[in-house]
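Keep in mind it's a predicted model, so treat the numbers as computed, not measured. By convention in this document, chain letters (A, B, ...) are assigned in the order of the sequence lines, proteins followed by strands, and residues within each chain are numbered from 1.
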2 protein chains.
Amino acid sequence: MSQRNTAVTDQLTAPTDASSPEDCPLPEVLALIGDKWSAQVLVQLGEGPHRFTQLERAIEGISRRMLTVSLRNLERNGLITRTVYPDSPPRVEYATTALVEDIRAPLEALAAWARYASPVIAAARHAYDNRH
Amino acid sequence: MSQRNTAVTDQLTAPTDASSPEDCPLPEVLALIGDKWSAQVLVQLGEGPHRFTQLERAIEGISRRMLTVSLRNLERNGLITRTVYPDSPPRVEYATTALVEDIRAPLEALAAWARYASPVIAAARHAYDNRH
DNA sequence: CTGGATCCGGCAAGATACTG
DNA sequence: CAGTATCTTGCCGGATCCAG
């Protein structure tokens with residue numbers, strides 16, 4: 001199942017025109033991690049395995065319920081693993097799977113873009129609002 | 001691992017360690033284009049300027065209302081421009097701004113990842129559902 | 001042709017309380 | 001500690017009609 005595969009990005013560099021937006025599965029990705037919290041969970045887990053409360057504290061503003069929902073969803077889609085240790089008190093650890101390795105780069109690129117674009121966007125928004 | 005980066009990401013990931021998830025502005029990006037349609041609109045406009053009806057036909061399943069809403073939102077945030085030509089019947093053209101150029105690469109990387117990961121995810125989901 | 005305005009159902013998601 | 005269950009609210013988004 002979990003084959004390490006770095007050939008993903010090779011498809012990109014390939015000189016195919018590849019820009020046909022018809023078969024662009026971008027919506028699928030966004031359906032997976034495009035919601036309010038999943039991406040942050042993935043980013044946080046990128047730092048290494050985390051326990052439930054650890055995540056809850058690390059991710060500002062998330063509710064217990066939403067954390068649970070996000071984790072279940074990510075687990076269901078095979079993006080994270082959930083390991084229960086038979087301790088007392090109970091201990092559960094979440095970690096990313098190999099699948100996630102290959103999106104970390106584009107995700108960080110997006111984050112980098114955000115840092116750079118944020119003030120520009122704020123200015124554009126302000127200008128637009130003044131115009132209306 | 002992956003090495004396909006634009007000027008923007010090169011500049012910004014270089015100086016700092018970039019792996020601190022605290023100041024990760026990923027949620028901002030997702031708030032911008034993480035909704036159901038905006039990303040597809042951007043992708044479509046990446047092919048070149050489009051008129052309203054042209055977009056409506058190109059993007060499968062979008063309603064007029066949602067197209068309008070998405071376009072307004074993108075315009076407000078400075079990601080696209082809206083040009084009105086004083087013709088009869090009225091003609092309006094939408095095009096991406098320079099800001100968008102720099103996210104196209106990571107966005108396509110995400111799409112490529114989706115193509116590769118889709119079957120794996122489907123399998124994981126199926127396995128999970130059987131387990132419950 | 002390019003939208004705006006309005007109504008409305010359904011789901012996302014916060015708050016709160018309870019449990020093994 | 002690591003969740004569930006339930007209630008409630010907000011808003012996303014589809015349908016429909018109207019307008020310049």
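For DNA chain C, the residues of residues 84-94 of chain B within the heavy-atom distance limit of 4.0 Å (strictly under) are B:Pro89, B:Pro90, B:Val92, B:Tyr94, sorted by number.
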Revision key, fill the gap. The contact string for nucleotides 4-12 of chain C, one letter per nucleotide 5' to 3', using protein heavy atoms under 4.0 Å with B, S and - for base, sugar-phosphate only and none, comes out as S-B------
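Counting only heavy atoms from C-beta outward, the side chains of B:Arg65 and B:Thr68 never approach each other to under 4.5 Å.
Atoms CG and OG, from B:Leu42 and B:Ser70 in turn, are 9.5 Å apart once rounded to the nearest 0.5 Å.
Rounded to whole angstrom, the span from the CH2 atom of B:Trp37 across to the P atom of D:dC12 amounts to 15 Å. If you take CZ of B:Arg51 and P of C:dG3, they are 10 Å apart, rounded to a whole angstrom. If you measure from atom CG of B:Leu67 to atom P of D:dA15, you get 15 Å, rounded to the nearest angstrom. One atom, CG of B:Asn73, and another, C1' of D:dG13, lie 14 Å apart when rounded to the nearest Å. Between B:Phe52 atom CZ and D:dG20 atom C1' there is a gap of 15 Å when expressed in whole angstrom units. The distance between atom CG of B:Leu71 and atom P of C:dC1, rounded to the nearest whole Å, is 16 Å. The distance from atom CG of A:Asp35 to atom P of D:dC12 is 15 Å, rounded to the nearest whole Å. Following rounding to the nearest Å, A:His50 (NE2) and D:dG3 (P) show an atom-to-atom distance of 15 Å.
Between B:Val29 and A:Leu110 the shortest heavy-atom distance is CG2-O, 3.7 Å. Between A:Asp35 and B:Leu30 the shortest heavy-atom distance is O-CD1, 4.2 Å. Residues B:Ala117 and A:Leu99 share a closest heavy-atom pair of CB-CD2, 3.7 Å.
Criterion: ILVMFWY side-chain heavy atoms under 4.5 Å apart, direct or through other members. Under it, A:Tyr85 and A:Ile80 are not part of a common hydrophobic cluster.
Between the side chain of A:Trp37 and the backbone N or O of A:Leu71, no donor-acceptor pair lies under 3.5 Å. Proximity of a side-chain donor or acceptor of A:Gln54 to a complementary backbone N or O of A:Arg51 within less than 3.5 Å is detected.
Here the rule is side-chain hydrogen bond (donor to acceptor under 3.5 Å, both in side chains) with B:Tyr94, and of B:Arg82, B:His50, B:Gln44 only B:Arg82 fits it.
The phosphate of C:dG14 (OP1 or OP2) has a side-chain N or O of A:Ser63 nearer than 4.0 angstrom.
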